[in-house]
Amino acid sequence: MRRLVVIAFLLAAPVARAAPEASPELSALVPAETLFLVEGNDLDGKGRFGEDTAIGRLLAEPDVRRFLAKLEESLRTAYAGNARGPLAMFGLAPEDFDGIRFRRAGLAVVDVSLDTRQVDAVLYLETREGKEKVARILRGLRQAAETFLAAQFTEEVVRGRTVVSTAVQGHEISVVAQEDRFVITTRRARMDHVLQAMDEGHPAPLKAAPRMARLRERMGAARNAILLYADAPALGRLALAALRYGPGGDPGEVERIVKALGLDAVEAIGFSDIPHGDGFRTEAALLLKERRGLFALAPKGAPSHRFAAMTPPDALAYGGETCDLAAVWDGILAIAGGIDAQTRADLERHAREGGAVLGLDLRKDLLEALGTEWAGYVAWPPGGGLLPDVVLFATVRDRERLVKTLDALADKAREFRKRGSTVTSSRTEFRGTEIRFLEITDRRGDPRPYAPAWAFGADFVVFGLCPQTVKHALMEKEAAADAPGLGTRGLLGSAGFQQLLAAAPRTAVSATYIDLGRVVTWLYASGVPFLQVAQGAIHRQLQMVGIRLNFEDLPTADVLARHLKGMLLYTAVEDDCLRMGYVSQVGAPLAVAPLAFLAGIGVILLPRSQAATMRLEAERAREQARAMEQAQQAAAREEENARLRAENETLRSRLGELERKLAELLRDTEGTEGEDK
């Protein structure tokens with residue numbers, strides 16, 4: 001079963017080793033008008049788990065290998081004991097996938113026809129090892145189609161290659177298996193185009209299209225990358241056409257909303273995952289014609305990360321960004337007006353009414369008074385604690401106005417009543433700095449475990465969940481002020497943080513740091529005891545399929561801590577592109593592992609569930625037969641009762657007739673006796 005998981009990684013694992021030049025990328029074999037493409041170039045089974053990667057070193061740990069070996073053995077035993085799963089329908093078993101290594105893999109959807117419900121798609125596979133096994137798998141699929149679908153296949157030679165074609169439920173499928181390359185298309189004509197492109201080159205391939213070239217340049221997606229591309233305008237037109245085919249759709253209204261949001265300015269959508277150090281850089285990108293609508297709200301200018309110097313160096317997470325709330329509010333009103341004038345009027349009215357209740361102008365007194373740089377962190381208090389500190393920083397443009405605004409809001413909070421709670425505005429002082437906070441008590445007068453607090457610096461304000469949290473932030477501020485240089489204190493002085501920050505684009509308007517090693521280690525160390533406690537209940541559920549999860553052999557938390565470090569998430573804004581991504585040691589394909597694991601469990605459970613379903617169906621049929629038999633018996637009894645009732649009526653009628661005749665006979669007898677007397 002572990003090999004099934006590995007196979008999923010093989011389709012999504014980039015490495016730096018280059019393939020021969022004669023090996024084409026799928027984007028070079030399909031036209032520039034292709035709707036959607038996802039491809040992995042220069043793949044190899046050892047790329048994701050190599051010794052030069054953090055995940056490879058983690059998987060090479062003896063404790064991890066021991067746990068995975070036992071888990072694999074348990075899954076194989078369960079698979080063998082469950083009728084070998086649906087793979088047996090194709091004459092296959094998990095070991096048939098051992099040794100397959102892909103150099104290249106890709107899927108392209110060239111076109112979609114809604115009226116005929118046809119998809120023009122290409123699947124391209126190129127093996128480095130195991131081509132014989134892939135050919136055998138294809139033969140097994142063909143035999144299954146002939147057996148279960150009564151499919152008929154034709155063979156013809158095109159450009160020296162054997163093309164095998166069939167039609168399944170109205171869909172054309174063509175397959176070419178030559179040496180280490182395998183091509184599958186859903187249209188016979190598309191196969192001719194692909195083979196011609198392989199021999200002569202495509203006259204106008206997607207790879208050379210301007211939008212694709214710009215995306216790859218922005219993302220730095222070289223040949224050794226997982227790459228996704230989508231033609232946004234074409235997909236939008238397809239979605240609008242689907243609305244016309246579907247009931248209740250209003251394409252006109254949708255187009256108006258799309259235009260107001262600026263979504264029609266998206267030229268293409270991209271995604272890439274490429275090697276970076278001992279990990280990967282994963283990035284999604286939107287290529288834009290222009291920045292308008294939602295994209296106009298995105299700010300420009302990288303944050304200074306000045307507040308990172310006031311963040312503890314061992315923080316679990318930190319985030320800094322630039323954001324002008326006043327400009328964002330104006331942009332939201334403009335978008336709302338583009339959708340519906342009444343919607344904008346309602347937003348403005350609600351803002352006026354809310355400001356009137358609070359006694360201030362929300363835009364002028366609050367949004368304009370706040371600055372354009374924000375930051376926050378989550379960290380354990382000095383010396384540790386049960387709950388982490390959660391702190392938010394913001395620069396200030398008009399300190400005097402913001403002080404008055406927050407004081408007014410604090411005083412207004414005293415009028416707050418909810419389920420007996422009361423809010424009291426209070427003040428305290430910490431080393432010459434005033435801290436305002438709101439004490440919230442319940443109906444009995446007992447304080448709540450949180451008291452929102454804030455304090456002002458020279459040109460910034462800091463917020464926390466309680467005064468003590470704000471004090472810890474001010475202590476970091478003092479430590480940073482005492483340092484000879486800005487970058488020598490706090491998280492900003494961390495070499496790991498600086499290295500990750502340097503990996504983000506220069507146009508990044510936000511950067512979020514997560515100490516992945518500490519977070520994952522903490523979650524792992526906290527979760528394993530609960531798994532151990534729940535082991536019995538889990539095993540009872542898995543016993544039906546013969547699986548046993550050996551929680552006692554799980555590696556210790558320090559194994560994770562040795563290999564996992566920090567990760568950085570970022571958002572970069574450019575004139576023609578919006579990029580969102582992260583630099584980490586795990587990369588995006590790690591998400592494939594749990595999906596592949598669940599798929600493998602499904603392969604094991606499906607035969608058992610099918611058998612259980614058959615048993616249920618048989619039991620249901622027996623119940624129905626018994627019910628029918630009981631109904632027939634009841635009908636027979638009712639018929640017999642009706643017959644008996646009819647016979648009783650007949651007997652009663654005859655008895656009545658006999659009684660009448662007897663009465664007449666008695667009257668006649670009495671009359672004769674009178675005459676004789």
Side-chain angles (χ1 to χ4, degrees), residues 27 35-38 206 209-222 225-237 239 254-255 257-274 276 280-305 319-336 338-339 372-375 500-514 567-584 587-588:
S27 57
L35 288 175
F36 173 85
L37 176 136
V38 57
L206 175 62
R211 286 182 292 190
M212 171 66 90
R214 287 166 57 198
L215 266 179
R216 296 185 74 156
E217 179 185 0
R218 297 293 187 276
M219 297 187 298
I226 295 175
L227 180 66
L228 180 147
Y229 165 86
D231 186 338
L235 291 176
R237 290 191 296 270
V254 173
E255 287 184 273
I257 295 175
V258 167
K259 186 175 181 179
L261 295 176
L263 299 180
D264 59 331
V266 181
E267 290 189 275
I269 303 170
F271 176 87
S272 68
D273 190 60
I274 61 178
H276 182 86
F280 304 89
R281 190 177 75 203
T282 306
E283 188 171 273
L286 299 177
L287 199 63
L288 305 174
K289 300 176 186 176
E290 57 181 330
R291 285 181 57 199
R292 56 181 175 80
L294 290 175
F295 307 112
L297 303 181
K300 281 188 175 181
S304 65
H305 294 295
E321 65 175 329
T322 56
C323 180
D324 188 339
L325 292 181
V328 170
W329 171 250
D330 294 340
I332 292 174
L333 290 179
I335 293 173
I339 296 175
T372 59
E373 185 168 348
W374 297 74
L500 287 172
L501 202 61
R506 293 184 178 180
T507 55
V509 297
S510 72
T512 300
Y513 166 82
I514 299 176
M567 66 181 296
L568 187 81
L569 298 88
Y570 59 84
T571 300
V573 179
E574 301 163 9
D575 290 336
D576 65 343
C577 191
L578 177 66
R579 301 158 59 190
M580 296 159 286
Y582 59 91
V583 179
S584 71

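Start at 1 with the first residue, then count along the sequence. Model, not experiment: these values are computed from the prediction.
- At a threshold of 4.5 Å between non-hydrogen side-chain atoms, the residues Asp324 and Pro299 do not count as touching.
- From Leu288, atom CG reaches atom SG of Cys577 across 6.5 Å, with rounding to the nearest 0.5 Å.
- A donor-acceptor distance shorter than 3.5 angstrom exists from the side chain of Glu373 to the backbone of His305, with no hydrogens or angles considered.
- With rounding to the nearest 0.5 Å, the separation of CD1 in Ile257 from CG in Leu263 is 10.0 Å.
- Of the possible polar contacts, one joining the Thr322 side chain to the Gly301 backbone as a donor-acceptor pair under 3.5 Å is found.
- The main-chain N or O of Gly581 is never found under 3.5 Å from a side-chain atom of Arg281 such that the two would form a donor-acceptor pair.
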**Request:** Please test Leu286 against Ile269 for side-chain contact (heavy atoms from CB on, under 4.5 Å), starting from the C-alpha separation and ending with a verdict.
**Result:** CA-CA 5 Å; Leu286 299 177; Ile269 303 170; 3.8 Å; yes
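- Of all non-hydrogen atoms in Leu35 and Ala234, the two that sit nearest each other are CD2-CB, 3.3 Å.
- Checking side-chain atoms of Glu267 against main-chain N and O of Arg211 turns up no donor-acceptor pair under 3.5 Å.
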**Request:** Go through the steps for Leu500 and Tyr570 under the test side-chain contact (heavy atoms from CB on, under 4.5 Å), then give the verdict.
**Result:** CA-CA 10 Å; Leu500 287 172; Tyr570 59 84; over 6 Å; no
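- The closest donor-acceptor contact from the side chain of Arg579 to the backbone of Arg218 lies under 3.5 Å.
- Residues Val573 and Arg291 form a side-chain contact, since some pair of their non-hydrogen atoms from C-beta on lies under 4.5 Å apart.
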**Prompt:** Between Phe295 and Val266, does a side-chain contact (heavy atoms from CB on, under 4.5 Å) hold up when you go through it step by step?
**Reply:** CA-CA 10 Å; Phe295 307 112; Val266 181; 3.6 Å; yes
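- Within the 4.5 Å cutoff, the side chain of Arg292 has heavy atoms near those of the Asp264 side chain.
- At a threshold of 4.5 Å between non-hydrogen side-chain atoms, the residues Leu287 and Tyr229 do not count as touching.
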**Request:** Applying side-chain contact (heavy atoms from CB on, under 4.5 Å), run through Phe271 and Val38 and close with a yes or a no.
**Result:** CA-CA 9 Å; Phe271 176 87; Val38 57; over 6 Å; no
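- The shortest heavy-atom contact between Ala511 and Leu568 is CB-CD1, 4.2 Å.
- Met212 is listed as a side-chain neighbour of Leu227, based on a closest heavy-atom distance under 4.5 Å.
- One finds the CE atom of Met580 at 11.5 Å from the CG atom of Leu569 (value rounded to the nearest 0.5 Å).
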